> 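Just dropping this structure here.
Because the structure is predicted, anything quoted here is derived from the model rather than measured. Note that ligands are numbered from 1 as they come in the structure, with each ligand's atoms numbered from 1 the same way.
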Amino acid sequence: MNPNFLQTPIPYLKGVGPNRAETLRTELGIETYRDLLQLFPNRYLDKTQYYKIAQLQPSGADVQVVGKIVHVKMVEQKRGKRLVARFVDETGEMELVWFRGHKWIRENLKINEPYVVFGRPAKYGSSFSIPHPEMELLSEHQTGLKIAMQPIYPSTEKLTAKGITNRVVSKMVQQLLLDSKGNFPESLSSSIINELKLISKSDALLNIHFPKSQELLAKAQFRLKFEELFFVQLQLISKKLIRKQKVRGLPFKEVGTHFNDFFSHHLPFELTQAQKKVIKEIRNDLGSNAQMNRLLQGDVGSGKTIVALMCMLLAIDNGYQSCLMAPTEILANQHFNGLRELLGPMDVEISLLTGSTKKSERNRIHENLESGQLHILVGTHAVLEDKVQFHNLGLAIIDEQHRFGVAQRSKLWHKNEIPPHILVMTATPIPRTLAMSLYGDLDVSVIDELPPGRKPVKTVHRFDANRLKVFQFVRDEIKKGRQVYVVYPLIKESEALDYKDLMDGYESIARDFPLPEYQISIVHGKMKPADKDYEMDRFVRGETQIMVATTVIEVGVNVPNASVMIIESAERFGLSQLHQLRGRVGRGAEQSFCILMTGHKLSEDSKTRLQTMVRTNDGFEIAEVDLKLRGPGDIMGTQQSGLLNLKIADIVKDNQVLHTARYHAIQLLKGDPKLEKPENLAIRNAYASLSSVKEIWGYIS
Ligand code: ADP
Ligand code: MG
């Protein structure tokens, strides 16, 4: 095969003119032969199955039904004529409908003879109808050659409207396979193929589109899934290897006075084993000559902040500056105050830079940063602005990473000639599976232990109708001196309505918890930052007992005396969000509670989410359920979807394949880090043709 065959622009394919090519491009992103070849079927029609009319479902699946036409009539409407046939079997009746080609069909249809019809039933009222079915007399069908399985390709309304039906796409793929003579370059080494008993690349491509049997389909799927994940892992792992070998890091060789002084005199509690372990891992990284790029995972309340602080002290001991970035102003504030408190009288210069930092203060910070006088800068995105220049940034810590995109991460990267060490902290437990395929290039540390004395939060689900009881419970808790959060959803699409809910809720709470006995704070996104902070502070200081808020308080806020979290319309929150919110309580020594309020109408997914929350406090278990419910793209947000843009594999369902792929990628790079050995030539070539590889090299170098 011509080596550039797969790069051929799609209009060169027989049957694809400029119009179709344009539609394929805009609707499916297909520009080359390779793209079309990688348009894998969503599913297959097993034409060996027959359905009864009574079994039909409006599921969108194409099915085969055996029956007879008992009656044909023409129906005239304003929009045009249609030909309608009444089709029956022993279980019921349905309609077959044609909007064109009436004459031919009328003349050829046979009444009262058994037919096999094939098409996609749609439901109208209580009965089904199949538009433009494929028709075959049962007698002919039984003698004819059966295609074992027919591919169904992804489609869109526009494709269908432009006449690019499944049949047309299927023909195109057939044409492509014919043109290629079914011969595609192998992309894996024979040792991997033999060890895993894989079928060849060519066989896999033929059978993924037109499976000769169920068994070959399964083999084709395995081979292609493996290959896809293998190359993703290869990229991630080599990126990591390159970074370790090539990206010079700033060596933090000293464990000096700041770290030691803090450790012996200012540590407010004994570190947990998990915290010690993680600090050790980080110290190893920082002490090596390579740049650290580490993800620190720890459930809410597991004590990541102090780990961050101790790393920043190490930076100071080695003459470097650090910055700590948080996704919201409230959080940045809280970090700033928390760190200052932890540092106590220690000789450390620390400043806060956010969107609302005053001009004069801002100027002072800029100066002190550039002179090197400032040791630690805490802030929001404001830290990333070009004007912010460090004297020598040695360590960048990003808290609650899922709010920051990769682009922002690399912005930090470019603040120095030698990149700073990077520590990404996240409280959203990322399932191992996902961490592996997303962050295969990062090292991962996990704090898998909560500080001692924590009581797990008790979680219950209550219906709105029981609100009075819930309020009585709140009163009792407040009487004991506790504080309470009441959180309302705020979803972009329904902002105005949500806002009204929040205000209505606030008013009703204010009525049930009247002044002067009760003081209530309210915080939401429409408030000025200064007002927000004021309200927040009142709650933090214990001056108000109830905090009514939208999800702005979701991340990081630390009020150990708060023991009740009420989440209104809990069914509208995602699982990880619910878990984050719950993490706001249970931070003190008292028993804490999370109450999920909903109406009676709940979808199946909502029920699963609520049940999961009630059942477990384990962030990793919750993350796994979340991943299953929502799929990986949603969880990590679109900015990371590049790596999740898998064509055939599914990192949740194909977990096992992922592990196998990762294992083989590691083995390969161990034996042949630069893919230079002749037996790995196929892999090398396939790897080089991946477009994403170039980006990675750009990012690294
Ligand atoms: P997160 O991991 O959610 O950022 P924080 O760092 O905010 O958690 O810690 C949560 C709370 O636990 C804070 O009040 C902190 O002071 C406390 N804490 C952290 N580590 C320990 C420990 N080893 N022993 C006791 N309390 C701790
Ligand atoms: Mg935190």
Side-chain angles (χ1 to χ4, degrees), residues 262-264 266-280 282 294-313 323-344 352 376 378-380 397-404 423-430 444-457 483 485 536 539-542 551-563 565 576-590 592 594 617-620 622-623:
F262 181 77
F263 192 79
S264 8
H266 301 284
L267 208 55
F269 35 66
E270 176 147 10
L271 296 175
T272 62
Q273 287 309 317
Q275 284 169 321
K276 286 185 194 159
K277 177 194 70 186
V278 164
I279 291 174
K280 208 166 172 187
I282 296 172
R294 190 171 274 279
L295 178 72
L296 173 56
Q297 288 198 50
D299 214 339
V300 277
S302 62
K304 294 184 290 296
T305 314
I306 196 139
V307 172
L309 174 62
M310 295 185 70
C311 298
M312 295 195 283
L313 292 174
C323 76
L324 170 59
M325 291 206 310
T328 65
E329 212 155 291
I330 289 179
L331 240 186
N333 254 311
Q334 194 152 37
H335 267 314
F336 178 65
N337 293 330
L339 291 177
R340 272 208 309 200
E341 199 179 313
L342 283 168
L343 286 167
L352 174 70
I376 298 176
V378 179
T380 52
I397 302 181
I398 307 175
D399 194 13
E400 311 295 353
Q401 184 272 341
H402 60 296
R403 301 279 179 101
F404 288 98
L423 181 67
V424 171
M425 305 198 294
T426 175
T428 308
I430 301 164
V444 180
S445 288
V446 183
I447 304 185
D448 49 7
E449 180 189 356
L450 292 180
R454 295 278 168 81
K455 296 198 183 77
V457 179
Q483 287 166 286
Y485 292 102
M536 205 58 228
F539 189 68
V540 172
R541 287 201 300 267
T551 45
V552 286
I553 59 134
E554 178 189 336
V555 193
V557 175
N558 191 15
V559 181
N561 189 50
S563 68
M565 166 63 66
S576 70
Q577 230 180 351
L578 289 172
H579 182 63
Q580 286 287 325
L581 286 169
R582 176 166 62 184
R584 296 307 111 215
V585 296
R587 305 191 140 224
E590 309 303 334
S592 291
C594 175
N617 276 298
D618 179 340
F620 281 93
I622 287 169

> Find the distance between CE (Met536) and CG (Asn333) and round it off to the nearest 0.5 Å.
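Going from the CE atom of Met536 to the CG atom of Asn333 covers 10.0 Å.
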> Scan residues 335-344 for pairs that pass side-chain hydrogen bond (donor to acceptor under 3.5 Å, both in side chains), counting only residues two or more places apart or in two chains.
His335-Asp399
> Applying side chain to side chain donor-acceptor pair (under 3.5 Å), name anything that partners Thr305, two or more places apart in sequence or on another chain.
none
> Under a plain distance cut-off of 3.5 Å, with no hydrogens placed, do Asn617 and His579 share a side-chain donor-acceptor pair?
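The answer is no; no qualifying pair exists.
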> To the nearest 0.5 Å, what is the distance between OH (Tyr485) and CZ (Arg582)?
15.0 Å
> Can you figure out which of Gly301, Ala308, Ala274 has its heavy atom closest to atom 3 (O) of ligand 1?
Gly301
> Show which atoms of ligand 1 fall inside a sub-4.0 Å distance from at least one heavy-atom site of Leu271.
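Listed by number with element: 23 (N).
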> Does NZ belonging to Lys280 count more than 12 external heavy atoms closer than 6.0 Å?
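At most 12 heavy atoms, drawn from other residues, nucleotides or ligands, come within 6.0 Å of this atom.
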> Using a 4.5 Å cut-off on heavy atoms from C-beta on, say whether the side chain of Leu295 contacts that of Leu423.
no
> Please classify the Thr272 to ligand 1 contact at 4.0 Å (heavy-atom distances, strictly less than): side chain, backbone, both or neither.
both
> May I ask which of Gly303, Pro560, Gly298, Gly586 has a heavy atom nearer to atom 8 (O) of ligand 1 than the others do?
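That would be Gly303.
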> Nearest to atom 11 (C) of ligand 1 by heavy atom, Glu270, Gln580, Arg454: which?
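Result: the heavy atom closest to atom 11 (C) of ligand 1 is in Arg454.
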> If we set the cut-off at 4.0 Å for heavy atoms, which region of Arg587 has an atom near ligand 1: side chain, backbone, both, or neither?
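Only the side chain of Arg587 comes within reach of ligand 1.
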> Quick check: Ile306 and ligand 1, any N/O pair under 3.5 Å apart?
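In fact, backbone or side chain, Ile306 has no N or O that close.
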> At a 4.0 Å threshold, what atoms of ligand 1 neighbour a non-hydrogen atom of Ser302?
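Within the 4.0 Å cut-off of Ser302, ligand 1 contributes 2 (O), 8 (O).
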> Using a 4.0 Å cutoff against the non-hydrogen atoms of Thr305, which atoms of ligand 1 qualify?
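Near Thr305, the atoms of ligand 1 are 4 (O), 5 (P), 6 (O), 7 (O).
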